[in-house]
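Here the structure comes first, spelled out in structure tokens, and everything after it is commentary.
Just so it is clear, the structure is predicted and the values come from calculations on it, not from any experiment.
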Amino acid sequence: MKKLVFLIIILFMFQTAYNQEFVSGDKQWNVMLQGFGVSTEVFKIDGDSMVESELYKKIWASYDSLLVYWNFSGLVREIDKVVHYISPNGGRGILYDFNLNIGDTSYISN
């Protein structure tokens, strides 16, 4: 019985981790910037926007250590494990493609 419960827990954890979406409103991440000093840029996803009848999530960035001031940094949308990005100036590209296999070639916006 203990083995069965353990197996069910492991399978549930694997399924939960495997099905996580990159684009979701509860995400926030930090990027360390180096130049004349070290600072941190914080990103979050908050809000929605429609572009050509497609729903995108808004990305916001902050350099503020108190996270009070946020700047609009673009739009993202995830379709079939591919994260599409629209920059504030309207440029489009792919940020991530989680369908790639070893040896595949892809062009990624950065």
Quick check on the hydrophobic clustering: are L100 and I102 connected, directly or via other members, by side-chain heavy-atom contacts under 4.5 Å?
no
Please test Y56 against V76 for side-chain contact (heavy atoms from CB on, under 4.5 Å), starting from the C-alpha separation and ending with a verdict.
CA-CA 5 Å; Y56 283 80; V76 290; 5.6 Å; no
Report yes or no: do Y96 and V31 belong to one cluster of Ile/Leu/Val/Met/Phe/Trp/Tyr joined by side chain heavy-atom distances under 4.5 Å?
yes
Considering residues, nucleotides and ligands other than F72, do more than 12 of their heavy atoms fall under 6.0 Å from its CZ?
yes
Begin with the C-alpha distance, continue with both residues' side-chain angles, and end with the deciding distance and a verdict on side-chain contact (heavy atoms from CB on, under 4.5 Å) for V83 and I94.
CA-CA 6 Å; V83 178; I94 295 175; 5.9 Å; no
Do the non-hydrogen side-chain atoms of W60 and N71 ever get within less than 4.5 Å of each other?
no
Is any side-chain heavy atom of V42 less than 4.5 Å from a side-chain heavy atom of T40?
yes
Decide whether I59 and V51 are clustered together by the hydrophobic rule: side chain heavy atoms of Ile, Leu, Val, Met, Phe, Trp, Tyr closer than 4.5 Å, transitively.
no
Got L75 and K58 here, is their nearest side-chain heavy-atom distance under 4.5 Å?
yes
Is there a path of hydrophobic side-chain contacts, each under 4.5 Å between heavy atoms, that joins W70 and Y63?
no
Side-chain donor-acceptor pair under 3.5 Å between S62 and D64, yes or no?
no
Separation of L55 CG from D48 CG (nearest 0.5 Å)
4.5 Å
Please test R92 against E52 for salt bridge (Lys or Arg N to Asp or Glu O under 4.0 Å), starting from the C-alpha separation and ending with a verdict.
CA-CA 13 Å; R92 293 176 179 241; E52 298 174 2; 3.6 Å; yes
Hey, does H84 have a side-chain heavy atom less than 4.5 Å from the side chain of I79?
yes
Give the minimum heavy-atom separation between Q34 and M32, together with the two atoms involved.
CD-CE, 4.0 Å
List the atom of S73, the atom of A61, and the distance in Å for their closest heavy-atom pair.
OG-CB, 3.2 Å
What one should report as the nearest heavy-atom pair of N99 and D80 is ND2-O, 2.6 Å
Do K57 and R77 have side chains that get closer than 4.5 Å, going by heavy atoms?
no
Go through the steps to decide whether Q28 and F43 satisfy the test side-chain contact (heavy atoms from CB on, under 4.5 Å), and finish with yes or no.
CA-CA 6 Å; Q28 179 175 310; F43 293 93; over 6 Å; no
